[in-house]
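Notes to accompany the following structure.
Residue numbers start at 1 and run along the sequence shown.
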Amino acid sequence: MAALDGKKILVIATNYGVEQDEILVPIDQLRERGATVTVAAQETGAIATLVGDKDPGKNVDPDTTIAGVNAGSFDALVVPGGTINADTLRTDQQAVSLVQAFAEAGKPVAAICHGPWTLIEAGVVSGKTITSFPSLQTDVRNAGAEWVDQEVQVDGGLITSRNPDDLPAFVDAIESALTA
């Protein structure tokens, strides 16, 4: 039996601009560990990923749309980065509402790189200690959170990491949160 058998994880993204490894690595590794991973995008078409925010990456086919999911159907939420993805996602009220619903239900919310922008917009970081891509430090502090520079930071139900180099620790922390 795999560690995450029976766990349902939702990954949300826009259809353009998500950092390739920050969506593909969690999807693949969480599935390898037994989780059922559902990918929800803003629209039904393919998600065009980027490498380093500029070079075209692999396409990811979403399973559904952000509007078509309910937090109650999942055990955890993953918000990948990519500057364009994160900046667009934080302006999507349905995505922001999903983050709020997961946080209010006490379910793990994992965000990497620029993904914490959506957590900030959802108002769930105040009083927490999180990490992110370094350029978000001021945004994190202005939202009432403490920013730290480490590969993964877990505070309550929030799991945050800085960049693709941190993906092994990020995925491990998601597993730990779901098996504790």
Side-chain angles (χ1 to χ4, degrees), residues 1-13 18-41 47 49 60-66 68-82 85-86 89-90 94-133 140 145-146 148 150-180:
M1 183 166 156
L4 296 177
D5 280 353
K7 299 296 182 183
K8 295 179 180 178
I9 300 172
L10 177 64
V11 177
I12 60 171
V18 65
E19 184 67 28
Q20 174 183 275
D21 288 351
E22 292 174 7
I23 191 168
L24 288 177
V25 171
I27 289 170
D28 293 344
Q29 290 188 3
L30 292 167
R31 284 179 177 157
E32 287 170 9
R33 297 174 192 203
T36 299
V37 179
T38 299
V39 179
I47 297 168
T49 71
V60 176
D61 290 323
D63 301 299
T64 187
T65 61
I66 292 171
V69 295
N70 181 307
S73 301
F74 299 93
D75 300 301
L77 174 66
V78 176
V79 184
N85 174 67
L89 210 53
R90 70 179 173 165
Q94 292 171 319
V96 171
S97 293
L98 268 176
V99 170
Q100 291 167 335
F102 274 88
E104 288 167 7
K107 296 178 180 182
V109 177
I112 188 167
C113 202
H114 288 79
W117 264 341
T118 309
L119 279 57
I120 291 168
E121 191 65 33
V124 300
V125 302
S126 183
K128 303 283 189 186
T129 300
I130 69 169
T131 193
S132 65
F133 193 75
V140 168
E146 179 182 348
V148 293
Q150 54 193 50
E151 65 180 359
V152 67
Q153 173 63 35
V154 179
D155 189 339
L158 299 184
I159 302 162
T160 51
S161 286
R162 302 169 299 190
N163 58 54
D165 294 339
D166 299 337
L167 282 163
F170 183 68
V171 175
D172 287 347
I174 295 167
E175 178 182 330
S176 294
L178 289 171
T179 58

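The shortest non-hydrogen separation linking Phe170 to Ala110 is CZ-CB, 3.6 Å. Shortest non-hydrogen contact noted between Ala13 and Ile66 is O-CD1, 3.8 Å. Closest of all the heavy-atom pairs between Leu167 and Asp21 is CD1-O, 3.4 Å. Here the shortest heavy-atom pairing between Glu175 and Ala3 reads OE2-CB, 3.2 Å. Residue Val109 comes nearest to Ala103 through the heavy atom pair CG2-N, 4.1 Å, listed as atom of the first residue, atom of the second, then distance. Minimum heavy-atom separation, Glu22 to Pro80: O-CB, 3.3 Å.
Put simply, the side chain of Val171 reaches to within 4.5 Å of the side chain of Arg33, judged on heavy atoms. Residues Pro164 and Glu19 are in side-chain contact: their nearest non-hydrogen atoms beyond the backbone lie under 4.5 Å apart. Side-chain contact between Leu10 and Leu98: present, with at least one pair of heavy atoms (C-beta onward) separated by less than 4.5 Å. Looking at Leu119 and Thr160, their side chains come closer than 4.5 Å, going by heavy atoms from C-beta outward. Counting heavy atoms from C-beta on, the side chains of Leu178 and Ile9 come closer than 4.5 Å.
Under the 3.5 Å distance criterion, the side-chain polar atoms of Arg90 are left unmatched by any main-chain donor or acceptor of Ile120. Not one N or O on the side chain of Lys7 forms a donor-acceptor pair closer than 3.5 Å with the backbone of Asp75. Using a distance-only test at 3.5 Å, with no hydrogens or angles considered, a donor-acceptor pair links the side chain of Ser161 to the main chain of Glu151. Put simply, the side chain of Asp155 gets close to the backbone of Thr129: a donor and an acceptor are under 3.5 Å apart. Not a single donor-acceptor pair under 3.5 Å links the side chain of Gln153 to the backbone N or O of Thr131. Checked by atom type and distance alone, the side chain of Gln100 pairs as donor or acceptor with a backbone atom of Ala122 at under 3.5 Å.
Remark: Thr118 OG1 to Leu89 CG distance equals 4.0 Å, nearest 0.5 Å.
Screening Leu24, Thr38, Val78, Val79 for a side-chain contact (heavy atoms from CB on, under 4.5 Å) with Val11, the sole residue that qualifies is Val78.
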